[in-house]
Amino acid sequence: MPPLSRRQKEREMRAAGRLPNGQSLTEKFPVLTYGPTPGFDPATWDLRVFGAVTQERRWTWREFQQLPTARMTVDIHCVTRWSKFDTEWEGVLFRDFLQLLELKAEARFVIAHCEFGYSANLPLAVMDDEDVMLATKYNGRWLHEPELMDHGGPLRTVVPKRYFWKSAKFLRALEFSPVDKPGFWEQGGYHNDGDFWKEERFQRRGFFSR
Ligand SMILES: Nc1nc2c(c(=O)[nH]1)N[C@H]1C(S)=C(S)[C@@H](COP(=O)(O)O)O[C@H]1N2
Ligand SMILES: [Mo]
């Protein structure tokens, strides 16, 4: 039997209820970065946690690598209309990471801050889900390997239940905030919540939809 064509696989995913409206299946792994890919120096890299926590913290690359990791296979959906199925990620589950912190009661939003000023915001209630990950590996390989660096090395969030712009590459800090702070694309007119099952692509009054 010949291998399934892309369109056959797409039909199967649609039939299985895994292809959200307006999406098409890709077998490639497109790179979508606004701006350049940063370098990675394990000696100076750190991940900071600040905002509504009793104690602000910082992990060096070496320290971050000591944290327990998990693996997951999830589908990803980009607002530019491609969906990629059964992608495999490894890293620290956000839920496990939260155990290391003491959040203040007022913490309600999580803002992911990345190299070069990219950011993405989500409610803590959305981030505190079993499948949200601080990912260091894709398909068993480190994100900071040269071939994968464009995909967010050495660390990115993966938030499988939202459009992929919410999965912040080149992550350097997590801010816990009592108030929402729209991120890079959210300020540019993308939807604040970004649920692909509801096709929350753009804000009604967003920059791009005018
Ligand atoms: N730091 C950073 N993270 C980012 C982006 C970006 O431009 N910079 N683009 C977002 C968008 S729009 C998408 S679709 C995904 C793309 O991830 P990929 O390049 O691994 O496919 O990353 C998201 N995270
Ligand atoms: Mo995107």
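One-based numbering, in listed order, for ligands and for the atoms of each. Side-chain atoms are counted along with the backbone in the values below, which use heavy atoms only and exclude waters and symmetry mates.
For ligand 1, the polar-atom distance check against W185 finds no nitrogen or oxygen pair separated by under 3.5 Å. Checked against a 3.5 angstrom limit, the closest N/O atoms of Y34 and ligand 1 fall inside it. Looking at ligand 1, you won't find any N or O of W82 less than 3.5 Å from one of its N or O atoms. Ligand 1 has no N or O atom lying under 3.5 Å from any N or O atom of E115, backbone or side chain. Among the atoms of P30, some N or O lies under 3.5 angstrom from an N or O of ligand 1. Taking only nitrogen or oxygen atoms, main chain and side chain alike, L32 reaches within less than 3.5 Å of ligand 1.
Within a 6.0 Å radius of CZ in R71, other residues, nucleotides and ligands contribute 12 heavy atoms or fewer.
Using a 4.0 Å heavy-atom cutoff, F29 is listed among the residues neighbouring ligand 1. For the pair G152 and ligand 1, no heavy-atom separation below 4.0 Å is found.
Counting heavy atoms closer than 4.0 Å to ligand 1, residue F164 contributes atoms from both its backbone and its side chain. Neither the backbone nor the side chain of Y163 comes within contact range of ligand 1; no heavy atom lies under 4.0 Å. Looking at F170 against ligand 1, only its side chain comes within 4.0 Å, counting heavy atoms.
Taking 4.5 Å as the limit, some side-chain heavy atom of F176 sits within range of a side-chain heavy atom of L101. Using a 4.5 Å heavy-atom threshold, the side chains of L171 and R156 count as separate.
W165 CB, 3.4 Å is the protein heavy atom nearest to atom 12 (S) of ligand 1. In terms of protein heavy atoms, atom 24 (N) of ligand 1 is closest to S167 O, 2.9 Å. Regarding atom 20 (O) of ligand 1, its nearest protein heavy-atom neighbour is H151 ND1, 2.6 Å. With hydrogens left out, the protein atom closest to atom 3 (N) of ligand 1 is K169 N, 2.9 Å, a heavy atom. In terms of protein heavy atoms, atom 10 (C) of ligand 1 is closest to Y118 OH, 3.3 Å. Protein heavy atom in closest approach to atom 14 (S) of ligand 1: C78 SG, 3.2 Å.
Heavy-atom contacts of C114 reach the following atoms of ligand 1: 1 (N) (cutoff under 4.0 Å). Against a heavy-atom cut-off of under 4.0 Å, T33 is close to the following atoms of ligand 1: 6 (C), 7 (O).
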Would W61 and H144 satisfy side-chain contact (heavy atoms from CB on, under 4.5 Å), going step by step from the backbone distance to the final call? CA-CA 12 Å; W61 178 243; H144 62 265; 3.6 Å; yes
ring-ring contact (aromatic ring centres under 6.0 Å, His included) between H113 and F50, intermediate numbers included: CA-CA 11 Å; H113 293 276; F50 67 98; 5.5 Å; yes
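Between Y190 and F202, a ring centre-to-centre spacing shorter than 6.0 Å is recorded.
Between Y34 and F184, the two ring planes are tilted [angle within 30° to 60°]. The aromatic rings of W89 and F29 stand perpendicular to each other, their planes meeting at an angle above 60°, with 30° marking the opposite boundary. Using cut-offs of 30° and 60° for the angle between ring planes, the F97 and W59 rings count as tilted.
Relative to atom 17 (O) of ligand 1, the option among K84, K28, R156 with the closest non-hydrogen atom is R156.
A salt bridge is defined here as a Lys NZ or Arg NE, NH1 or NH2 lying under 4.0 Å from an Asp or Glu carboxylate O, and R172 with E115 meets this definition. Salt bridge K166/E186: present, at least one basic N to carboxylate O contact under 4.0 Å.
If you run side chain to side chain donor-acceptor pair (under 3.5 Å) between E27 and each of K9, K84, R6, only K9 comes through.
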